[in-house]
There are 2 protein chains.
Amino acid sequence: MENNVDNVRAQMRKGVLEYCILSILNRGEAYASSILETLKAANMIVVEGTLYPLLIRQKNQGLLSYRWEESTQGPPRKYYCITDKGREQLQEMDLAWSELVETIRTLKTQKS
Amino acid sequence: MENNVDNVRAQMRKGVLEYCILSILNRGEAYASSILETLKAANMIVVEGTLYPLLIRQKNQGLLSYRWEESTQGPPRKYYCITDKGREQLQEMDLAWSELVETIRTLKTQKS
DNA sequence: ATCAGTACTTTGTGTTGCAAGGTATTTATT
DNA sequence: AATAAATACCTTGCAACACAAAGTACTGAT
């Protein structure tokens, strides 16, 4: 609990990470390191140890597929691609997210 | 993984629960069962086994205080009240939440 | 050969939400 | 007086998950 502000943000990130990954991959295939960069650019700080297991989980759920591709620089890359099932899940997540935002708005607005 | 939709919502709720509790208590003191009702009314389903430990954690962090009050119906109630420190934390959470909403908006809007 | 860079993976830890069950108090019913 | 129902608070055991840290592997430059 060293830094409270960071902790608050970390807690909130939980639960929307999967949503973010599916959203990013819905724009086109990508490999883990590039997904990390995209998240970082959107101020969504995630580390490797979080992302890799998450991608594997989503692949095992049939939400993602992947293919290996040689890189001109460095080892081959694992390009992930969203599946039809993943797109269905993403639609559900879009709805769940809007509802959550609305729920919070309600809680903040209601005066007693 | 029986119901995917429920699971998606459950995942997203994580991390904003503490924010919800502080927001509710910022409107005035309340006891656990009434907090549960407020959350339920806002479509934020939470169970006792989640709420009680959370209230105790927040109290131990100095974000909440409480007092016992006799009830006309049933056992005494533990009325929780947000502290100055809790209000500070709530402000940080307000900011963190807006930023998270903005982050998601960015991720969804960007076309690659 | 060694190092740096890139990329993927695994292990161990701490936190947290939840299902399920438990304790305690009051009031109504038998 | 004893029992049941309602209300309220609390605890235990489990599973999921984010993260830090360390490891593996491939490529190209020094």
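A note on names: the letters A, B, ... follow the listed sequences, proteins ahead of strands, and every chain is numbered from 1.
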Which nucleotide, dC17(D), dA18(D), dC18(C), lies nearest any side-chain atom of Leu17(B)?
dC18(C)
Please check the phosphate of dC8(C) (OP1 and OP2 only) for any side-chain N or O of Tyr31(A) closer than 4.0 Å.
no
Test salt bridge (charged side-chain N to carboxylate O under 4.0 Å, His left out) on Glu70(A) and Arg77(A) and set out the steps.
CA-CA 6 Å; Glu70(A) 297 297 320; Arg77(A) 296 167 175 173; over 6 Å; no
Among dC8(C), dA8(D), dT9(C), which nucleotide sits nearest the side chain of Tyr80(A)?
dT9(C)
Please report the interatomic distance CG(Asn26(B)) to SG(Cys81(B)), rounded to the nearest 0.5 Å.
10.0 Å
CD of Gln73(A) versus P of dC3(C): gap in Å, rounded?
21 Å
Hey, are Arg105(B) and Glu102(B) close enough for a salt bridge, meaning a charged N less than 4.0 Å from a carboxylate O?
yes
Given dT16(C), is OP1 or OP2 found less than 4.0 Å from the side-chain N or O atoms of Arg13(B)?
no
Among dT10(C), dC8(C), dA8(D), the nucleotide that comes nearest once only the side chain of Pro75(B) is considered
dA8(D)
Starting at atom CD1 of Ile45(A), determine the distance to atom P of dA20(D), rounded to an integer number of angstrom.
11 Å
When you measure from the centre of the six-membered ring of Tyr66(B), is the NZ or CZ of Lys78(B) under 6.0 Å away and within 45° of the axis?
yes
Measure from the side chain of Lys78(A), starting at C-beta and using heavy atoms only, and say which of dT10(C), dC8(C), dA20(D) lies closest.
dC8(C)
Among dC8(C), dC10(D), dA18(D), which is the nearest nucleotide to the side chain of Lys14(A)?
dA18(D)
When all nucleic acid strands are considered with a 4.0 Å heavy-atom cut-off, which category describes Glu18(B): base, sugar-phosphate, or nothing?
sugar-phosphate
Charged N-O contact under 4.0 Å between Arg9(B) and Glu92(A)
no
Side chain of Pro76(A) only, heavy atoms from C-beta on: which candidate in dC26(D), dC10(D), dC19(D) is closest?
dC26(D)
Please report the distance, rounded to the nearest Å, between CG in Leu36(A) and P in dT9(C).
13 Å
For Gln11(B) and dC18(C), what is the distance between atoms CD and P respectively, to the nearest whole Å?
9 Å
Tell me: CZ of Arg57(B) to P of dG14(C), nearest whole Å?
16 Å
With no angle test and no hydrogens, is the base of dC9(D) tied to the side chain of Glu48(B) by a donor-acceptor pair under 3.5 Å?
yes
Could you check how far CZ of Arg67(B) sits from P of dC9(D), rounded to whole Å?
12 Å
Result for 5'-nearest mapping on DNA chain D, choosing between Arg77(B) and Thr50(A), is Arg77(B)
In this structure, how many angstroms lie between the P atom of dA18(D) and the CD1 atom of Ile21(A), rounded?
9 Å
Any idea which of dC9(D), dT10(C), dA18(D) is nearest the Tyr52(B) side chain?
dC9(D)
Using the rule given for salt bridge (charged side-chain N to carboxylate O under 4.0 Å, His left out), can you reason through Lys85(B) versus Glu88(B), listing the C-alpha separation, both sets of side-chain angles and the distance that settles it, and then say yes or no?
CA-CA 5 Å; Lys85(B) 188 175 176 188; Glu88(B) 283 175 25; over 6 Å; no
Separation of atom CG in Leu54(B) from atom P in dC18(C), rounded to whole Å:
10 Å
Describe the nucleic acid contact of Thr72(B) in one word from base, sugar-phosphate, nothing, applying a heavy-atom distance below 4.0 Å.
sugar-phosphate
